[in-house]
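Written out below as structure tokens is the structure these notes cover.
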2 protein chains.
Amino acid sequence: MKVKIIDLAKSLGTSTSTVSRALNDAPGVSEELRAKIVKAARDMGYMPDQGARNLVKRTTGNIGLYVPRGLFFVMSNPFFAQVLLGISDVIDDMGYNYILSTSPLQHRKMFRTNLVDGIIMFALRLGDPYIRELEEGGFPSVIVGSYNPSVDMPAVRPDDYQGMYAAVNHLAEMGHKKIALLNGPLSSFKSVACLDAYRRSLMEHELDDIYEKAVSGEFVAEWGLEGANALFNEKDRPSAIACANDLIAMGVYRAAHERGLKIPDDISVVGFGDFPSAVYLSPSLTTVHTPMREMGYEAAKVLVEKMKGTSSVEHKALFQTSLVVRESVRRYEE
Amino acid sequence: MKVKIIDLAKSLGTSTSTVSRALNDAPGVSEELRAKIVKAARDMGYMPDQGARNLVKRTTGNIGLYVPRGLFFVMSNPFFAQVLLGISDVIDDMGYNYILSTSPLQHRKMFRTNLVDGIIMFALRLGDPYIRELEEGGFPSVIVGSYNPSVDMPAVRPDDYQGMYAAVNHLAEMGHKKIALLNGPLSSFKSVACLDAYRRSLMEHELDDIYEKAVSGEFVAEWGLEGANALFNEKDRPSAIACANDLIAMGVYRAAHERGLKIPDDISVVGFGDFPSAVYLSPSLTTVHTPMREMGYEAAKVLVEKMKGTSSVEHKALFQTSLVVRESVRRYEE
DNA sequence: TTCAGATGCGCAAACGTTTGCGTTACTTAT
DNA sequence: ATAAGTAACGCAAACGTTTGCGCATCTGAA
């Protein structure tokens, strides 16, 4: 059977209170006795039951990661890998555990049943439920990624608008006149930022009369393949494609290859995100870098402050994005 | 403040026991009263505190995912995405939460402090600690992926040996005489299976006297790039490279591209895993398909049986792998 | 009409911790 | 020498549930 605090107490001829205090570095126990208790705990392999501990301390020692898009979406999107990396940079040696929730139900349960001390929310979209409830409850939580800026909650997000603006500007400055946008779903705030930036850049370069084509899909390679195929099938083909996401760009790569189109000779493409794989594509992908790890780091820091209850100011951080040019765009001449 | 069971009881003029029974569909409460209680619980937004519940029921409603390789390793390896997909197919509507642990410390805490009801372990390698402890304790747990077969614990794994055997055979049958292996670390059981299969195939085709080169690295694209570069720098170059992992293959693609080598014209490559991205590479990757989702499904099923305590038989499942040929290998002629 | 068995419900103990408070023994200042 | 203070420890309550048991009340069969 598992060894409990009372077993320890009995074997040492002391009380549970003293054992508890000793193990928690609380005052009120002599150094001599504390040492004995610690040793005995080690020897007998004692570890405090979490349920009991949570019950009395009103704190759980784990933080929730909410991604209302399903487990697969999380795991197959390098964005999370990177952001989580930053999060774990600050959280890991604080001894927290991560608990994952991908459905509104799980999410609700998390913060309503004292399952976690704080929540980091990803990939929120228009109409995702239970955000408001969280907001009102004052539960420690942070949003990471583009989301409704009017929502009254700490958030750290990338400047998606500037990123896409720089990307399309680059394409235009390289001489491209017919630039298409393979976008994400418009329920995503990132997608609307991308769309706005795309339009503005086109207008500023007086290209919108020549060609304007923005189509919405999902943030996955499958959509890039499908969307690019559709684009290629039209009589009036673009010479460059901007993608809202590196995964979409991968799909474009595939579509081009299947049709014998060379990148960047026949078609230029720029991605978004600068996922680790961007540099492994052939040709390597020109894309806009999003400081995902740094964002994760910041989000985690904000969250721990929230959990400590120290900072109750609404923290909003905006991270710069920047175009990194590699091999997938060429200068376009008539 | 959060509404507790006693608030519900008071507001209905009944007792906590009855409320508890009503909400848990336990017998001993009239349908009429049960309906009233359920309604009131709904209205007041009652949800049972997990800590208290766990404490008395000795069960937590969440399952642990242990990957002793660090958070980044998990999140950036499509293997997990796929396996988790299978797991969630069976687990998700059972209402469990996932709790992630990537360090031995977290892992130990998980099953020693009643934090989870069961554990699924990934990517185990030689020398990973705390496995034995788990084994002895009889804690419900499953291993997924190649691991020491002599360990006395339920496990579901792919037939990595046959997979690599088929891959190298294919290369040999396509006329390649100089075949290299870019392997994973030898602390991984998968790597040693790959190495054995590679050697056997070479011997059977009487190729081992001509050329034999197996080098160990990590299961990441960086290693594929580095390893391939090293291979290309030698005077006696291979005409084909077998990789222990699709990510490694991506690295090889990159190395080839940087050097102006065409795949498969100048160099053939076969991967392992059949990650979703394999089909998006240009050219698409010939690789060994591993039924990851199916494995996850099976692992989860075994785990829930273990947790129910029904099946105490040691369950070992071996999943077939199969070569899927695409575009990255060509017939080799002198 | 009576009695055995259901049925519906409440009391209180239990789960394994933490912690406020009281008690004792010991120190230090007066 | 006495008072006041402090340090070390134990008692017992509390955290919010679930559940064994006992007590009524009600049912239907003898």
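Reminder, nothing fancy here: chain letters follow the sequence lines and each chain counts from 1.
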| field | Atom-to-atom span, CD1 of Ile5(B) to P of dA14(C) - whole angstrom | value | 19 Å
| Given dC9(D), dG16(C), dT17(D), the nucleotide with the shortest approach to the side chain of Thr18(A) | dC9(D)
| task | With heavy atoms under 4.0 Å as the rule, sort Asn54(A) into base, sugar-phosphate or nothing. | result | nothing
| query | Are the side chain of Arg157(B) and the backbone N or O of Leu318(B) linked by a donor-acceptor pair below 3.5 Å? | reply | no
| request: Evaluate the criterion salt bridge (Lys or Arg N to Asp or Glu O under 4.0 Å) for residue pair Arg293(B) and Asp89(B); output intermediate values, then yes/no. | output: CA-CA 9 Å; Arg293(B) 184 165 183 168; Asp89(B) 281 341; 2.9 Å; yes
| request: Kindly say if Ser20(B) contacts the phosphate of dT18(D), meaning a side-chain N or O under 4.0 Å from OP1 or OP2. | output: yes
| said: Between P on dG16(D) and NZ on Lys2(B), what's the gap in Å once rounded to a whole number? | reply: 11 Å
| field | Arg69(B) (side chain) donor-acceptor with Ala123(B) (main chain) under 3.5 angstrom | value | yes
| query | Taking OP1 and OP2 of dT18(C), is either one under 4.0 Å from a side-chain nitrogen or oxygen of Arg53(A)? | reply | yes
| Does the side chain of Arg34(A) get closer than 4.0 angstrom to OP1 or OP2 of dA8(D) through an N or O atom? | no
| field | Gap between atoms CG and C1', on Asn24(A) and dG16(C) respectively (whole Å) | value | 13 Å
| field | Between C1' of dT18(C) and CG of Leu55(B), the distance in whole Å | value | 12 Å
| Pair of N/O donor and acceptor under 3.5 Å linking dG20(C) base with Arg21(A) side chain | yes
| query | Leu23(B) CG to dT19(D) C1': how many Å, rounded? | reply | 15 Å
| field | Residue mapping more 5' on DNA chain C - nearest nucleotide basis, Ser30(B) or Val56(A) | value | Ser30(B)
| Going by atom types alone, do Glu305(A) and His315(A) pair a side-chain donor with an acceptor below 3.5 Å? | no
| query | Is the phosphate of dA14(D), meaning OP1 or OP2, less than 4.0 Å from a side-chain N or O of Arg58(A)? | reply | no
| task | Find the distance Leu12(B):CG to dG10(C):P and express it as a whole number of Å. | result | 10 Å
| message | Phe122(B) and ring-ring contact (aromatic ring centres under 6.0 Å, His included): which single residue from Tyr66(B), Phe79(B), Tyr147(B), Phe80(B) fits? | response | Phe80(B)
| request: Can you tell me the distance, in whole Å, between the CD1 atom of Ile6(A) and the P atom of dT17(C)? | output: 10 Å
| remark: Heavy-atom nearest nucleotide on DNA chain C taken for Thr16(B) and for Lys57(B); more 5' hit belongs to Thr16(B)
| said: Distance criterion of 3.5 Å, no angle test: do you see the side chain of Ser17(A) paired donor-to-acceptor with the base of dC11(D)? | reply: yes
| task | For dT17(D), take OP1 and OP2 only and decide whether either is under 4.0 Å from a side-chain N or O of Tyr46(B). | result | yes
